[in-house]
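The block underneath contains the structure these notes are about, expressed in structure tokens.
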Amino acid sequence: TRNHSRSVARWSVRLGRAMGLRRDLLYEMHLAGLMHDIGKIGVPDEVLLKPGRLTPQEVLAVQAHVEWSYSIISPITSLKQVSAIVRHHHERFDGKGYPDRLGGADIPLGARIMAVVDMFVAMTEDRPYRQGLPIETAVAELRRVAGTQIDPTCMEAFLDLLRGDGLLASGGDINIDNTGLG
């Protein structure tokens with residue numbers, strides 16, 4: 001997950017900057033991006049790499065990674081905000097996420113930003129059990145879940161970043177002349 005974490009860190013900082021976060025918060029976003037999945041060390045590889053549908057017990061094991069990540073990071077006093085972002089990056093905007101079922105503005109902004117980025121990066125990167133999705137498919141999915149799973153304001157700001165990078169045309173179509181996420 002090292003490359004995934006680096007991508008999430010880089011995109012989270014870019015999105016945070018685009019949304020006007022202060023420099024100290026951007027640094028926290030970077031650290032949170034790098035460490036957001038550290039708790040997956042507690043999830044067996046056969047679950048993380050499983051090509052098929054997960055059992056209910058396996059889903060719970062994967063979901064527990066945010067609490068394990070939090071328990072690793074939170075004792076470090078200087079990483080209090082980082083640990084909150086890491087803990088809540090799988091909360092849903094509609095309050096149906098995990099681990100604490102927070103919703104809307106109750107989810108820390110850094111976690112709402114990371115939720116958009118993490119979802120996009122996870123969808124577009126190759127995994128041992130599947131190829132990454134095309135950018136247009138990932139963007140369509142972000143749009144579909146905006147307002148329920150992810151913060152629509154963060155999602156729109158992220159799409160603006162993609163447009164600025166030439167990956168998404170101004171009308172919303174994918175620019176097929178530019179590929180990759182750099």
Side-chain angles (χ1 to χ4, degrees), residues 1-40 62-63 65-70 72-74 76 78-125 132-133 135-168 172 180-182:
T1 63
R2 180 180 59 219
N3 289 334
H4 170 77
S5 294
R6 286 180 183 162
S7 293
V8 169
R10 183 175 60 248
W11 280 102
S12 293
V13 168
R14 289 190 63 208
L15 181 52
R17 184 179 298 122
M19 294 184 71
L21 294 185
R22 298 185 323 261
R23 186 176 180 88
D24 58 324
L25 298 176
L26 295 175
Y27 179 69
E28 291 171 353
M29 290 296 306
H30 176 73
L31 293 176
L34 292 175
M35 294 187 270
H36 76 285
D37 281 342
I38 197 168
K40 285 187 177 176
V62 172
Q63 289 178 345
H65 86 275
V66 295
E67 293 182 84
W68 293 333
S69 297
Y70 179 79
I72 292 167
I73 300 166
S74 63
I76 305 168
S78 63
L79 298 180
K80 180 179 180 184
Q81 297 292 45
V82 172
S83 65
I85 294 167
V86 167
R87 179 177 180 88
H88 298 297
H89 78 278
H90 281 293
E91 300 287 359
R92 288 176 47 127
F93 199 68
D94 62 7
K96 296 179 182 176
Y98 61 91
D100 299 317
R101 299 184 70 81
L102 301 179
D106 290 336
I107 304 168
L109 177 58
R112 286 182 275 148
I113 288 169
M114 187 166 294
V116 172
V117 170
D118 188 37
M119 178 182 278
F120 181 80
V121 171
M123 287 190 289
T124 57
E125 68 188 2
L133 298 174
I135 292 173
E136 60 270 16
T137 304
V139 167
E141 181 64 9
L142 290 178
R143 287 185 171 128
R144 186 183 74 77
V145 301
T148 56
Q149 190 167 339
I150 57 174
D151 183 328
T153 302
C154 295
M155 189 268 310
E156 284 298 336
F158 184 70
L159 296 186
D160 287 344
L161 277 180
L162 294 178
R163 287 183 193 100
D165 285 356
L167 297 172
L168 190 62
L181 300 176

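None of these values were measured; they are calculated from a predicted model.
- Here the SG atom belonging to C154 is positioned 11.5 Å from the CG atom belonging to L159, to the nearest 0.5 angstrom.
- Between H90 and H65, some side-chain heavy-atom pair lies under the 4.5 Å cut-off.
- Take E141 and apply the salt bridge (charged side-chain N to carboxylate O under 4.0 Å, His left out) test, not counting sequence neighbours, and it matches R144.
- Note that CG of D160 is 10.0 Å distant from CE of M19, once rounded to the nearest 0.5 Å.
- Summarising the geometry, atom NZ belonging to K40 is positioned 4.0 Å from atom CG belonging to D37; distances are rounded to the nearest 0.5 Å.
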Counting only pairs under 3.5 Å, give me each side-chain donor-acceptor contact of residues 79-88, with atom names and distances, residues two or more places apart or in other chains.
unit_1	atom_1	unit_2	atom_2	d
S83	OG	L79	O	3.3
S83	OG	K80	O	2.8
R87	NE	D100	OD2	2.8
R87	NH2	D100	OD1	3.1
R87	NH2	D100	OD2	3.4
H88	ND1	E91	OE2	3.0

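- Residues meeting the salt bridge (charged side-chain N to carboxylate O under 4.0 Å, His left out) test with D94, sequence neighbours left out: R92.
- Residues meeting the ring-ring contact (aromatic ring centres under 6.0 Å, His included) test with H30, sequence neighbours left out: none.
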Before giving the answer on side-chain contact (heavy atoms from CB on, under 4.5 Å), spell out for F158 and V139 the whole-Å C-alpha distance, their side-chain angles and the decisive distance to 0.1 Å.
CA-CA 10 Å; F158 184 70; V139 167; over 6 Å; no
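- Atom CZ of residue F93 and atom CE of residue M155 lie 11.0 Å apart, to the nearest 0.5 angstrom.
- Listed by first and then second residue, the side-chain hydrogen bond (donor to acceptor under 3.5 Å, both in side chains) pairs that reach into residues 17-27 are R22-D24, sequence neighbours excluded.
- Of the inter-residue distances, the one linking L142 atom CG with I150 atom CD1 reads 4.5 Å to the nearest 0.5 angstrom.
- Distance check, rounded to the nearest 0.5 Å: CG of L26 to CG of L31 gives 11.5 Å.
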For residues 108-121, tabulate all N or O donor-acceptor pairs below 3.5 Å that involve a side-chain atom, not counting sequence neighbours.
unit_1	atom_1	unit_2	atom_2	d
R112	NE	I107	O	2.9
R112	NH1	D151	OD2	2.8
R112	NH2	I107	O	3.4
D118	OD1	H4	NE2	2.7
D118	OD1	H36	NE2	3.3

